[in-house]
Amino acid sequence: MPLVLLTVVTLALGEPVTTHPLPGFRASAWFAEQVREEWVAEGVRAVANAPATFDPKKPTRLIIYATPNGNSIEQTLGCATGPGVDWRFDIQHVAAQVRKLREVVPGENIILACVEADGLSWPAWKRHYKDAPDRVRKVVARLRQWVPGVRVRVSLAGHSGGGSFLFGFIDGADQLPDWVERIVLLDANYAYSDANEHGDKLLVWLKGDTARRLVVIAYDDRNVELGGKKVVGPDGGTFRATERMRTRFTKDVTFAETKAGDITTSTALAGQLALMVHANPKNKILHTALVGEMNGLLRGLTDPGAKPAWGEFGAPRAYGAWVQPAPGIPQRPAGAVGGAEFFKSLDKLTPAEREAAVAREVLRGNVPEFLRTFQKITTKSRDAGGKERTAVFEVMPDYLAVGSDTDFVRAPMTPQTAARIADAFGCALPTRKAVDEVYRAAVVKLEPKPLTEDRERPSTFLKHNALIEDQRRGQKVGELVAGIKKDVVVSNRLTEKPGRVAIYGWHKLDGKAIQPLTIVHGETYVDYSHGVRLMKRTVLVDDQPRDVRHVLYSSALHELLSDEGPVTRPTY
């Protein structure tokens, strides 16, 4: 169990309740949450976000959100804008909207699981597999296993091409399961088909329980132009798809219409079924605005009149306070404690308290300035077709440390803390191959200096840091240094046993690593020899930017950064 996630909360009756991290989850960098990330099926990555104080006495809702075409999970979850932040991070804000939902509905455990197809296209992913609907069902089943309890209600939501995932789920059986409580199509109903009996299945499902909801949000896209050409063809677009749905449903139900500004809402079955269409009188592209700018996901996950009210669909963002910061290393605070003084203060703390203190200092930016200048490393490999591929990745010149350029101490930490910091800084943990490439490229290579006593004490961390600095005397800080620590790495071996840390490296001057890749230690084990060297998540592959998660998983590209095959466990 991670040391830093033990949380105590108090119920309204005053009874203290201790909550533990969900299995496989770790602390998030933001909003006192917990997260989990894995490739859960062939070509399917998932990132889950849960409240830190999960209460098993509360009802639980699992929201499975399928990403739109061309957007990664991280872009879909969203963050604040900033220098170098791609515009896609500021259009949907799915994480912030779900955080707002937790505020609005405090009586539930609300867990968000965002799913992404390799290649960033659910329609393309589905075309690749003849049994795609069955695979979608298995993905949903796998994500349900991440959540404790037997009465977990599931909401399925998606934007744009993410609707293909939802219709794949509908296609996967003759009827929808009872535990699906809500389906939300956010300009995502392109794949609706009467021939595939989508309308029949949805109506049977809706009529099976008055608590179920189907919400469709679309806009009039028939005359929208881009570059002088219409965006959708004569039979395409979600406006026409919504009309096909309305025509089918009208055979069995009666709609009532209301209008608010440019939005017409058609409801049936006492509000269980809602079709919301923006008239789009100015013929703008509202494809993403419906989701983020207009609070579309919030509307899809709540019913009109929900108390306390969060606002309304079409209004300005209701979730601004819940948008997480853009990734990056904060400026070092004025008056921040130096490394030596900080580590001397840790000796009387418990391991959990020490871990929390290290995380707090690093996350607030109390790290040396020289660590902020990443060093570029080039690696090459040949794909299955014999084509040479080139990757350029960037790493910190040294291991994570607390303090200033003149007073810093390298900070051993658990892999969960390291992963949390990596998230906040827009970074990732290296693989074994990446560690070898760092050693190969290092300007300063030092002989390892092992210690044998009190390996887990902060005083030993200080002692080992001093030994390294004695070796490094005369060398300028900021040069790429290696041979001084074992690396905390990501590895497929982490799937062999839960709750472990993968360690590798500490190369000798002959280039051989003292420590072969091992998962012998539990995830809470930390000693003086462990180091965390972060690499940026963005990797240039053949001069094109790629997320390291996708490079590591790719059958054609993984050899650039992995000697273990495609990496399915890219983080802790």
Side-chain angles (χ1 to χ4, degrees), residues 2-6 26-30 32 325 328-374 395-425 427 429 446 449 451 453-473 475-478 481 484-488 501 523-534 572:
L3 293 170
V4 295
L5 262 179
L6 186 63
R26 62 165 171 81
S28 167
W30 305 282
I329 307 175
Q331 289 188 344
R332 187 167 185 262
V337 66
E341 181 182 348
F342 172 73
F343 271 86
K344 288 175 182 176
S345 73
L346 301 181
D347 252 349
K348 295 183 179 180
L349 301 183
T350 66
E353 291 169 339
R354 181 188 72 206
E355 197 70 19
V358 170
R360 183 170 57 250
E361 286 302 308
V362 175
L363 286 170
R364 77 189 190 102
N366 187 9
V367 299
E369 190 66 29
F370 71 82
L371 286 180
R372 303 162 195 266
T373 302
F374 285 63
V395 298
M396 285 183 167
D398 206 326
Y399 295 95
L400 269 177
V402 173
S404 66
D405 280 6
T406 57
D407 179 8
F408 66 89
V409 176
R410 297 167 183 87
M413 63 189 73
T414 67
Q416 287 78 17
T417 298
R420 180 182 173 195
I421 292 167
D423 288 347
F425 289 1
C427 293
L429 293 171
L446 302 178
K449 295 289 184 181
L451 300 174
E453 297 181 357
D454 297 325
R455 298 165 59 89
E456 301 169 51
R457 292 184 61 85
S459 57
T460 307
F461 301 173
L462 267 169
K463 180 179 179 180
H464 189 249
N465 197 78
L467 288 174
I468 295 169
E469 289 308 286
D470 284 343
Q471 287 181 282
R472 212 178 52 79
R473 197 176 305 278
Q475 304 287 349
K476 186 175 70 171
V477 295
V481 61
I484 59 175
K485 293 279 186 183
K486 303 173 187 176
D487 281 78
V488 176
V501 57
E523 62 189 8
T524 60
Y525 179 78
V526 179
D527 74 32
Y528 78 96
S529 68
H530 295 188
V532 172
R533 191 195 301 266
L534 298 182
Y572 286 87

Q: Go through it in stages, so that I can follow the logic: the residues are V526 and V501, the test is side chain to side chain contact (heavy atoms under 4.5 Å, CB included), and I'd like the CA-CA distance, side-chain angles, deciding distance and then a yes or no.
A: CA-CA 9 Å; V526 179; V501 57; over 6 Å; no

Q: Taking all heavy atoms of A411 and all of V402, pick out the closest pair and write down the distance.
A: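 Here A411 and V402 meet closest at CB-CG2, 4.4 Å.
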
Q: Does D398 reach the main-chain N or O of L371 with its side chain, forming a donor-acceptor pair under 3.5 Å?
A: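 Flag not set: sc D398 to bb L371 has no pair under 3.5 Å.
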
Q: Taking all non-hydrogen atoms of both residues into account, name the closest pair between A29 and A424 and its distance.
A: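 Minimum heavy-atom contact is CB-CB, 3.7 Å.
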
Q: Are I329 and M396 packed together at the side-chain level, in the sense that at least one heavy-atom pair is separated by less than 4.5 angstrom?
A: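 Side-chain contact under 4.5 Å: yes.
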
Q: Are the side chain of R420 and the backbone N or O of A359 linked by a donor-acceptor pair below 3.5 Å?
A: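 Looks like no, no N/O pair under 3.5 Å.
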
Q: Does Q475 use its side chain to pair, donor to acceptor, with the backbone of R472 at less than 3.5 Å?
A: no

Q: Heavy-atom distance under 4.5 Å between the side chains of E469 and F408, does that happen here?
A: yes

Q: Would you confirm whether K344, through its side chain, and P458, through its main-chain N or O, come within 3.5 Å as a donor-acceptor pair?
A: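 Not a single qualifying donor-acceptor pair exists.
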
Q: If you look at every heavy atom in C427 and L534, which pair is closest and at what distance?
A: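 Shortest heavy-atom separation between C427 and L534 comes out as CB-CB, 3.9 Å.
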
Q: For the pair H530 and T414, evaluate side chain to side chain contact (heavy atoms under 4.5 Å, CB included) and give the outcome as yes or no after the intermediate values.
A: CA-CA 9 Å; H530 295 188; T414 67; over 6 Å; no

Q: Are any side-chain N or O atoms of H464 and backbone N or O atoms of R455, one a donor and one an acceptor, separated by less than 3.5 Å?
A: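 No: the side chain of H464 does not pair with the backbone of R455.
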
Q: Got a sec: does the CD of Q331 have more than 12 other heavy atoms crowding it under 6.0 Å?
A: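 Count not over threshold, so no.
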
Q: Is any side-chain N of the basic residue among D470 and R473 closer than 4.0 Å to the acidic one's carboxylate O?
A: yes

Q: Would D487 and Y399 count as a side chain to side chain donor-acceptor pair (under 3.5 Å) if you check the C-alpha gap in whole Å, the side-chain angles of each, and the deciding distance to 0.1 Å?
A: CA-CA 9 Å; D487 281 78; Y399 295 95; 2.8 Å; yes

Q: Please answer whether the main-chain N or O of T417 pairs with a side-chain N or O of E355 as donor and acceptor at a distance below 3.5 Å.
A: no

Q: Tell me whether R332 contacts the main-chain N or O of G403 through its side chain, where contact means a donor paired with an acceptor under 3.5 Å.
A: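 Indeed, once roles are kept as given, a pair shorter than 3.5 Å links the two residues.
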
Q: Do P330 and F425 touch side chain to side chain, with heavy atoms closer than 4.5 Å?
A: yes

Q: State whether the side chain of Y528 and the backbone N or O of L451 hold a donor-acceptor pair below 3.5 Å, judged by distance alone.
A: yes

Q: Would you call D454 and K463 a side-chain contact if the rule is heavy atoms closer than 4.5 Å?
A: no

Q: Hey, is R372 close enough to E369 for a salt bridge, meaning N to O under 4.0 Å?
A: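 Answer for the salt bridge query: yes.
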
Q: Donor-acceptor pair, D423 side chain versus S28 backbone, under 3.5 Å?
A: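 Looks like no, no N/O pair under 3.5 Å.
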
Q: Indicate yes or no: at least one non-hydrogen side-chain atom of F342 is less than 4.5 angstrom from one of N366.
A: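 F342 vs N366: side chains apart.
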
Q: Under 4.5 Å between any side-chain heavy atoms of D527 and T460, yes or no?
A: no

Q: Okay, side chain of R354, backbone of M413: is any donor-acceptor separation there less than 3.5 Å?
A: no

